[in-house]
Amino acid sequence: MGLVHLLFIAPSSPSTFSKPERRRQMSTLTVPPVPPSHRDDAKQIFAAFKGIGCDTGTIVEILAHRDAEQRSRIEQEYESAFDDELRKRLASELSGHLKKAVLLWMHEPGERDSVILNKALKGTTKDHNAVTEIICSRSPLEIGQLNRAYFKYVGTNLEEHLEEELSGDHQKLLIEFLTTSRYDGPEFNEAVVEKDAKALNRAAKQLSQAGKPFIQVFSESSRAHLCAVSEAYKSMFNETLDKVISAEAKGNFGHALKTILICAESQPRFYAKVRLKTLIRSIRFESNFIYKNIVSYRQALWKAMKGLGTDDTALIRIVVTRAEIDMQYIKAEYHKNHGKTLHDAIHSDTSGHYRALLLALIGPDN
């Protein structure tokens, strides 16, 4: 029987912080040390709507510097005080990309993911990148929250919607990833890792016609296990899984596989493999690590702003969904790989209050 291993995050890693502290460390959202009362914020927003035109600057200045709980309370206070729905008023007063970004920002995270997915799956043109990004980058806990939120806000099961709107191995992988219960801790079994690496190697040449082994391993494995499989594959066959997927799995299916793989591999690199039984007596490890798709988000942001024109839908989606979670890491990864800051890239590709909102959400350059 193979050894059980775990991924050990060194003490300097953000994973040693409590979850709220971790989020604060990685978030780029800045809120006033002593923010105004929710009533005062609601009054200022109401005043910004009055008269000819809208004081958009005030709207951005307030909402871009309030966290999810504060925005929810402002919304409740506004509706209570003025007998009006704040989101509907924002939708009528704002326009263009700013309107899309502000309205998405007003949602709580689970609801926001549901809105993005529902919109991406509707209509004749599906946004497969958005669907893949949202589902394949979420942890098991977040997947559970997403399933519940989707049913609550959309009124149908996400699994059923994927069955209706997607097809082929891409559909099968996303549904399995969405519905399979996965362990999310650091342990993995060396013998199972080796067995999975061999199974993927046998299936690699037929990946475009028969993706079942890849779907099974990628949907059932914990991120620690899949990371170990990736390393074993490279050691055993002198080739990376990433290159195999790029060569053999095209289109949306390949993109989904690579997204899941990058999520497993892009966790903080301060780890060592150790025998569980030698450490279990002396130390207890946090099993709910941060496993975020930092590299994938950096790549998506770069693609959204490269060349002529900007993919504002992708830009808004990534900035708004990651600002309160891990944008500090994404910014560092972006700067390291593209030789310019994300702040400068957004500044050069956007304008007006839309630019001001995005720059406020990603925070200043450090």
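We number each residue from 1, following the sequence as shown. All values derive from a computational prediction rather than experimental measurement.
Scored by the salt bridge (charged side-chain N to carboxylate O under 4.0 Å, His left out) test, K336 finds E333 as partners (sequence neighbours excluded). Take R182 and apply the salt bridge (charged side-chain N to carboxylate O under 4.0 Å, His left out) test, not counting sequence neighbours, and it matches no residue. Qualifying side-chain contact (heavy atoms from CB on, under 4.5 Å) partners for H343, counting only residues two or more places apart in sequence or in other chains: T341, L359, I362, D365. Partners of D127 by salt bridge (charged side-chain N to carboxylate O under 4.0 Å, His left out), not counting sequence neighbours, listed by chain and number: R317. In terms of the side-chain contact (heavy atoms from CB on, under 4.5 Å) criterion, residue partners of S246 (sequence neighbours excluded) are, by chain and number, D242, K258. Legend: residues meeting side chain to side chain donor-acceptor pair (under 3.5 Å) with T240, ordered by chain and number and at least two apart, are absent. Considering only residues two or more places apart in sequence or on other chains, Y354 meets the side chain to side chain donor-acceptor pair (under 3.5 Å) condition with D312. Evaluation of the salt bridge (charged side-chain N to carboxylate O under 4.0 Å, His left out) rule for K126 yields E165 as partners, not counting sequence neighbours.
K198 is not listed as a side-chain neighbour of Y233, based on a closest heavy-atom distance of 4.5 Å or more. In this structure the side chain of L226 reaches within 4.5 angstrom of the side chain of L261, judged on heavy atoms.
Checking side-chain atoms of R112 against main-chain N and O of H107 turns up a donor-acceptor pair under 3.5 Å. For the pair E79 (side chain) and E85 (backbone), a donor-acceptor distance under 3.5 Å is absent.
The stretch residues 57-71 participates, sequence neighbours left out, in these salt bridge (Lys or Arg N to Asp or Glu O under 4.0 Å) pairs: D41-R66, E69-R73, R71-E324. Sorted by first then second residue, the ring pair (Phe, Tyr, Trp, His ring centres under 6.0 Å) pairs that include residues 112-138, not counting sequence neighbours, are H128-H170. Screening residues 90-104 for salt bridge (Lys or Arg N to Asp or Glu O under 4.0 Å) gives R89-E93 as the qualifying pairs, with residues at least two apart or on separate chains.
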Identify each donor-acceptor pair in which a side-chain atom of residues 45-56 lies under 3.5 Å from a protein atom, sequence neighbours left out, and give them as a table.
{"unit_1": "D55", "atom_1": "OD1", "unit_2": "T58", "atom_2": "N", "d": "3.4"}
{"unit_1": "D55", "atom_1": "OD1", "unit_2": "T58", "atom_2": "OG1", "d": "3.4"}
{"unit_1": "D55", "atom_1": "OD2", "unit_2": "T58", "atom_2": "OG1", "d": "2.6"}
{"unit_1": "T56", "atom_1": "OG1", "unit_2": "C54", "atom_2": "O", "d": "3.4"}

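Follow the hydrophobic side-chain contacts under 4.5 Å out from V31 and you reach V60 in the same cluster. At a threshold of 4.5 Å between side-chain heavy atoms, the hydrophobic network of Ile, Leu, Val, Met, Phe, Trp and Tyr places V102 and F82 in one connected group. The hydrophobic clustering, which links ILVMFWY residues whose side-chain heavy atoms are closer than 4.5 Å, places L104 and M106 together.
Within a 6.0 Å sphere centred on CZ of R39, heavy atoms belonging to other residues, nucleotides or ligands number 12 at most.
A salt bridge is absent between D344 and K340: the closest approach of a Lys/Arg side-chain nitrogen to an acidic carboxylate oxygen does not fall below 4.0 angstrom. Taking the charged nitrogens against the carboxylate oxygens, E239 and K234 have no contact shorter than 4.0 Å, which rules out a salt bridge.
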